[in-house]
Amino acid sequence: MSHNLLKGKRGIIFGALNDMSIAWKVAEKAVEEGATITLSNTPIAVRMGQIDELAAKLHAEVIPADATSVDDLENVFARSTEVLGGKIDFILHSIGMSPNVRKKRTYDDLDYGMLDKTLDISALSFHKMLQVAKKQDAISDGGSVLALSYVAAQRTFFGYNDMADAKALLESIARSFGYIYGREKGVRINTISQSPTMTTAGSGVKGMENLMDFSNKMSPLGNASADECADYCIVMFSDLTKKVTMQNLFHDGGFSSMGMSLRAMNQYSKGLEEYTDENGHIIYG
């Protein structure tokens, strides 16, 4: 049911790939709530994904762009303001990828060239996006910008690897740019730390299914779904949150405030044997 929370607003959604994507869900909800949007993803993602289907459904233009390219981002913002007929009111950065994770490089054996790509794609792209938008004066006063994060920015999670470093940098950029953009234009910049979610990118994290099960058992409200994350994003884009900025907002069913739940403890008690290798040595992970 629509509440017209974004009636008359214009937005850009970065990162929709297929109907498993949080960005896909956010795009659908934004239009349902009265917004007009453009969609952007890398040229290869546009070719290989299903974003054209989403664009047709939402009557939105797709603007292919490598989010690590300043030139491409300049085109996205210039074209979006032209297509949508004015300045942008909200932006979603839902971009993240680690070549080290994909290549199964462990954190103590990172390829540093790949690490540079992880940080550029997953975090620095957010800074480039904001810097380009500010130089073009593309975001309307009081606009709202969100990036999707994860609790691994604050806590260590086995298998999350260098993406944890990228998320920590992403959140820092939101705070630093949030001060400048908020002071000068009233633009709000926040990150949403979402529950582990089985998106195409999330499925590449080692042990993702077990992580989701553990998180669900730990969280008093259970894991937040992609649809529920989209709802939260819409509220953050709306005028209901005009004074919320520079925050990392946990949307995880309470997981981030938990130490141990009864459900998780009960599961743990069923398997207390140490995790060892073939030689009997304990594997700490």
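Throughout, numbering of the chain's residues begins at 1 and tracks the sequence.
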State, with a plain yes or no, whether a side-chain heavy atom of Met258 is found less than 4.5 Å away from one of Pro220.
-> yes
Check whether any side-chain N or O of Thr118 sits under 3.5 Å from a backbone N or O of Ser98 as a donor-acceptor pair, and report yes or no.
-> no
Could you tell me whether Arg175 sits above the aromatic face of Tyr179, with NZ or CZ closer than 6.0 angstrom to the six-membered ring centre and within 45 degrees of the axis?
-> no
Pairing residues for Asp213 by the side-chain hydrogen bond (donor to acceptor under 3.5 Å, both in side chains) criterion, not counting sequence neighbours = Lys217
With a 4.5 Å limit on heavy-atom distance, are the side chains of Ser144 and Asp89 in contact?
-> no
Tyr150, Leu124: one ILVMFWY side-chain cluster at the under-4.5 Å cut-off?
-> no
Got Val145 and Phe177 here, is their nearest side-chain heavy-atom distance under 4.5 Å?
-> no
Indicate if Leu169 and Ile95 have the same hydrophobic cluster label, given that clusters are the connected sets of ILVMFWY residues with side-chain heavy-atom separations under 4.5 angstrom.
-> yes
Are side-chain N/O atoms of Asp108 and Thr106 paired as donor and acceptor at under 3.5 Å?
-> yes
Side-chain contact test, heavy atoms from C-beta onward, threshold under 4.5 Å: evaluate it for Phe255 versus Phe214 and give yes or no.
-> yes
Check ion pair Asp137-Lys87 (N to O, under 4.0 angstrom) = yes
Salt bridge (charged side-chain N to carboxylate O under 4.0 Å, His left out): which pairs involve residues 161-172, sequence neighbours left out?
-> none
Enter the distance from Glu82:CD to Asn75:CG here, rounded to the nearest 0.5 Å.
-> 9.5 Å
Begin from the C-alpha positions of Ser149 and Asn248 and carry the test side chain to side chain contact (heavy atoms under 4.5 Å, CB included) through to its verdict.
-> CA-CA 8 Å; Ser149 190; Asn248 179 52; 4.1 Å; yes
Summary of ring-ring contact (aromatic ring centres under 6.0 Å, His included) pairs that have at least one residue in residues 67-92, sequence neighbours excluded = Phe90-Phe237
Which pair of non-hydrogen atoms, one from Cys233 and one from Leu148, has the smallest distance, and what is that distance?
-> SG-CD2, 4.4 Å
Quick one: pull up CG in Leu130 and CD1 in Ile91 and give me the separation to the nearest 0.5 Å.
-> 7.0 Å
Would you please name every residue forming a side-chain hydrogen bond (donor to acceptor under 3.5 Å, both in side chains) with Ser94, sequence neighbours left out?
-> none
For Val132, does its backbone N or O pair with a side-chain atom of Glu74 as donor and acceptor, under 3.5 Å?
-> no
Measure the OG1-CG distance between Thr245 and Asn190 for me, rounded to the nearest 0.5 Å.
-> 5.0 Å
Given side chains that start at C-beta, do those of Lys128 and Asp120 come closer than 4.5 Å, heavy atoms only?
-> yes
Give a yes or no on whether Val46 and Trp24 share a hydrophobic cluster (residues Ile, Leu, Val, Met, Phe, Trp, Tyr; joining criterion: side-chain heavy atoms under 4.5 Å apart).
-> yes
Which atoms form the tightest heavy-atom contact between Ala123 and Ala166, and what is the distance?
-> CB-O, 3.4 Å
Side chain to side chain contact (heavy atoms under 4.5 Å, CB included) evaluation trace for Ser238 with Leu6 | CA-CA 6 Å; Ser238 78; Leu6 302 183; 4.1 Å; yes
Is it possible for you to say whether Leu54 and Val26 belong to one hydrophobic cluster, with membership spreading through side-chain heavy-atom contacts below 4.5 Å?
-> yes
Pairs meeting criterion salt bridge (charged side-chain N to carboxylate O under 4.0 Å, His left out) with involvement of residues 241-253, two or more places apart = none
Just by distance, do the side chain of Arg188 and the backbone of Gly182 share a donor-acceptor pair under 3.5 Å?
-> no
Mind checking side-chain hydrogen bond (donor to acceptor under 3.5 Å, both in side chains) for Ser172 and listing every partner two or more places apart, or none if nothing turns up?
-> none
Can you spot which of Val187, Ile139, Ile180 makes a side-chain contact (heavy atoms from CB on, under 4.5 Å) with Lys134?
-> Ile180
Contact summary for Leu84 and Gly11, nearest pair of heavy atoms = CD1-O, 3.6 Å
Hits for ring-ring contact (aromatic ring centres under 6.0 Å, His included) against Phe126, two or more places apart or cross-chain, chain-then-number order -> His93
Given side chains that start at C-beta, do those of Asp111 and Lys103 come closer than 4.5 Å, heavy atoms only?
-> no
Ala224 and Ser195: which non-hydrogen atoms are nearest, and at how many Å?
-> N-OG, 2.9 Å
Mark yes or no for whether Ser122, through its side chain, and Met97, through its backbone, hold a donor-acceptor pair below 3.5 Å.
-> yes
Who passes side-chain hydrogen bond (donor to acceptor under 3.5 Å, both in side chains) against His251, sequence neighbours left out?
-> Gln194
Evaluate the side-chain proximity of Met114 to Arg102: yes if any heavy-atom separation is below 4.5 Å, no if none is.
-> no
ring-ring contact (aromatic ring centres under 6.0 Å, His included) with Phe14: which residues, sequence neighbours excluded?
-> none
Give a yes or no on whether the backbone of Met236 and the side-chain of Thr241 come within a donor-acceptor separation of less than 3.5 Å.
-> yes
Return yes if some donor-acceptor pair links the side-chain N/O of Glu33 with the main-chain N/O of Leu5 below 3.5 Å, else return no.
-> yes
Can you measure from CD (Glu228) to CG (Leu221) and round to the nearest 0.5 angstrom?
-> 9.0 Å
Where at least one partner belongs to residues 54-67, residue pairs that pass side-chain hydrogen bond (donor to acceptor under 3.5 Å, both in side chains), sequence neighbours excluded = Glu28-Lys57, Glu61-Arg79, Asp66-Thr68
Nearest-0.5 Å distance, CG of residue Asn216 to CG of residue Leu211 = 11.0 Å
Which heavy atom of Gly253 sits nearest a heavy atom of Ser219, and at what distance?
-> O-CB, 3.5 Å
Is there a path from Ile51 to Ile37 through hydrophobic residues (I, L, V, M, F, W, Y) whose side chains come within less than 4.5 Å of each other?
-> yes
Approximate separation, where rounding is to 0.5 Å, of Arg105 CZ and Tyr112 OH = 10.0 Å
Here the pair of heavy atoms bringing Ser80 nearest to Ile63 is OG-CD1, 3.4 Å
Tell me the side-chain hydrogen bond (donor to acceptor under 3.5 Å, both in side chains) pairs involving residues 1-14, sequence neighbours left out?
-> Lys9-Asp239
Under 6.0 Å from the OH atom of Tyr232, do we count more than 12 heavy atoms belonging to anything else shown?
-> yes
Using the test side chain to side chain contact (heavy atoms under 4.5 Å, CB included), find all partners of Ala164 that sit at least two apart in sequence or belong to another chain.
-> Ala152, Tyr160
